[in-house]
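What follows is one structure encoded as structure tokens, with my remarks underneath.
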Amino acid sequence: MPPLTVIGYGALVLLLFVAIYSAVAALSGARTGEPRPIRRAERGLLVTALLFATATFALLYLLVSKDFRVQYVYAHTSASQRTIYVISALWAGQEGSLLLWGLFLGAAAVFAIALQRERHTAIWPHVLGTLAAVQGFFALMLVTVQNPFSVIPATPGNGLGMLPTLENPGMVVHPPILFLGYATYSVPFAWTMARLLAGGNTSSREELQKLRRWSIAAWLFLGVGILIGAWWAYTELGWGGYWSWDPVESASLLPWLTGTAFLHSLLAQERQGMFKRWNAALPIAAFLLCIFATLVTRGGLIISDLHGFSQNIQPVAYLLLGFIAIVTLGSGFLLWTRRAALADDEQPEQLLSRGSAVLVTNLVFLGLAGAILLGI
């Protein structure tokens with residue numbers, strides 16, 4: 001067994017326990033208000049980011065060294081494969097792409113901690129706890145059903161390599177930027193869940209601006225990733241390639257459309273105190289749709305010749321569906337119980353007012369997302 005497989009898998013197992021510890025410490029800090037458990041939760045999230053990085057670089061080294069004893073390396077590289085596509089094999093399969101997802105989740109948490117000046121607010125421990133719970137879920141998937149470090153009993157002489165359509169410059173940049181957008185949406189999701197868990201009181205202007213900055217970053221990453229994917233589809237398949245490719249590509253558009261609606265209503269809340277309930281629901285929906293896009297792509301729900309990740313439903317699909325169900329039910333309960341605290345300061349009264357325009361815009365974007373979701 002290659003030593004790096006032990007190091008990589010060990011890092012993931014340790015990550016799972018550290019994420020659980022961080023979530024428990026954050027919960028303790030939220031309940032008692034003491035700074036010590038909150039600092040422990042922050043340190044725990046810094047450690048999880050380091051462990052995600054350790055596992056990622058271990059797998060990357062195994063890929064570059066073409067150690068075909070590792071199942072993932074055997075399935076996605078070959079002896080004649082160009083180095084740039086050997087590197088991009090890190091996100092070519094289910095296990096590697098989820099590991100990259102986790103790496104970006106860890107990086108987003110590190111940036112959120114570094115940018116947080118006031119650590120004694122009522123919602124900050126809930127933010128840390130939510131981020132830790134999301135990272136713990138990804139660690140659970142990688143440790144159980146999507147282990148990227150499983151080893152083949154007999155060492156093959158060569159690997160299977162990637163699909164020919166994946167050996168394209170789009171493969172080098174499209175998936176990582178897309179996953180970066182998905183992971184960045186975890187921070188607005190965490191802030192929103194934290195606000196609901198803390199009672200749902202009105203966010204301060206500083207919090208709204210922070211939400212807007214994180215949401216713009218996620219929206220940009222996701223938008224650029226979708227554009228590169230569309231260009232790649234037209235390069236491979238010609239005119240109409242993006243929309244006739246398959247539902248996997250359309251799934252990534254769902255959180256982008258929802259995030260676009262959120263940015264519009266967030267500005268209305270900053271300026272006029274409107275759409276508070278929308279702004280509590282939309283970032284949660286955007287993040288859940290990121291998870292749903294991962295489910296469609298990696299769960300085997302869609303059989304695709306071009307996105308040939310699996311030909312039947314994978315065990316990871318049940319974990320992803322369970323996560324979506326738990327978050328949907330939990331956030332739905334919080335939104336219902338906090339609805340009074342999320343009442344708007346004012347309502348759009350005139351048909352041609354700015355508030356009415358934002359409402360119509362949001363309905364259009366969400367209507368598009370709903371139509372695409374039904375089409376998938």
Side-chain angles (χ1 to χ4, degrees), residues 1-9 11-12 52-104 142 145-180 182 224-225 228-238 241-242 245-246 248-249 252 294 297-300 302-312 314 316:
M1 180 178 292
L4 278 177
T5 60
V6 178
I7 294 173
Y9 187 74
L12 292 175
F52 266 128
T54 300
T56 302
F57 285 114
L59 183 58
L60 183 60
Y61 184 86
L62 291 167
L63 287 165
V64 172
S65 61
K66 297 181 180 178
D67 193 333
F68 298 127
R69 292 174 293 176
V70 181
Q71 173 65 39
Y72 188 84
V73 178
Y74 168 74
H76 300 288
T77 64
S78 65
S80 60
Q81 196 164 307
R82 291 172 57 187
T83 302
I84 188 65
Y85 297 121
V86 171
I87 295 173
S88 63
L90 177 66
W91 48 83
Q94 294 177 355
E95 299 89 345
S97 61
L98 289 175
L99 184 57
L100 186 68
W101 231 109
L103 177 68
F104 290 151
L142 291 166
V145 298
Q146 295 286 244
N147 176 18
F149 298 103
S150 60
V151 178
I152 301 173
T155 305
N158 196 2
L160 299 177
M162 288 196 299
L163 292 171
T165 52
L166 295 181
E167 294 193 5
N168 182 286
M171 181 62 187
V172 180
V173 290
H174 165 61
I177 295 177
L178 210 61
F179 290 134
L180 188 57
Y182 289 164
V224 171
I228 294 174
W231 166 82
W232 182 6
Y234 287 122
T235 301
E236 288 288 338
L237 303 177
Y242 179 77
W245 201 0
D246 54 25
V248 168
E249 288 302 314
S252 64
T294 305
T297 307
R298 305 296 180 181
I302 303 294
I303 296 176
S304 165
D305 293 331
L306 290 170
H307 287 104
F309 304 117
S310 58
Q311 298 300 313
N312 47 50
Q314 300 295 298
V316 71

> Where the side chain of Trp91 meets the backbone of His174, is there a donor-acceptor pair that is under 3.5 Å apart?
Replying inline: no

Is Lys66 reaching over with its side chain to a backbone N or O of Val86, donor-acceptor style, under 3.5 angstrom? no

Partner of Phe149 under side chain to side chain contact (heavy atoms under 4.5 Å, CB included), picked from Ile7, Leu142, Val73, Thr5, is Thr5

The test is side-chain contact (heavy atoms from CB on, under 4.5 Å); show your working for Ile87 and Leu63 and say whether it passes. CA-CA 7 Å; Ile87 295 173; Leu63 287 165; over 6 Å; no

Side chains of [X] and [Y] in contact at under 4.5 Å (non-hydrogen atoms):
X: Phe57; Y: Leu103; answer: no
X: His76; Y: Gln81; answer: no
X: Leu62; Y: Tyr72; answer: no
X: Ile152; Y: Phe68; answer: no
X: Leu4; Y: Ser65; answer: no
X: Val173; Y: Val224; answer: no

Search all heavy atoms of [X] against all heavy atoms of [Y] and return the closest pair with its distance.
X: Val70; Y: Pro2; result: CG2-CG, 4.3 Å
X: Pro148; Y: Leu12; result: CD-CD1, 4.1 Å
X: Pro169; Y: Tyr85; result: N-OH, 3.5 Å
X: Leu178; Y: Gly225; result: CD1-C, 3.9 Å
X: Asn147; Y: Tyr9; result: OD1-CD1, 3.3 Å
X: Gly8; Y: Ala55; result: O-CB, 3.8 Å

Take Tyr61 and Asp67 through the side-chain contact (heavy atoms from CB on, under 4.5 Å) test and state the conclusion after the steps. CA-CA 9 Å; Tyr61 184 86; Asp67 193 333; over 6 Å; no

To the nearest 0.5 Å, what is the distance between [atom1] on [X] and [atom2] on [Y]?
X: Gln146; Y: Gln94; atom1: CD; atom2: CD; answer: 4.5 Å
X: Ser88; Y: Leu166; atom1: OG; atom2: CG; answer: 8.0 Å
X: Leu99; Y: Leu90; atom1: CG; atom2: CG; answer: 6.5 Å

For the pair Phe179 and Trp101, name the ring-plane relationship: parallel under 30°, tilted 30 to 60°, perpendicular over 60°.
tilted

**OP:** Given side-chain contact (heavy atoms from CB on, under 4.5 Å), test Val316 with Thr294 step by step and report yes or no.
**Re:** CA-CA 10 Å; Val316 71; Thr294 305; over 6 Å; no

Step by step, would you call Glu95 with Ser150 a side-chain contact (heavy atoms from CB on, under 4.5 Å)?
-> CA-CA 10 Å; Glu95 299 89 345; Ser150 60; over 6 Å; no

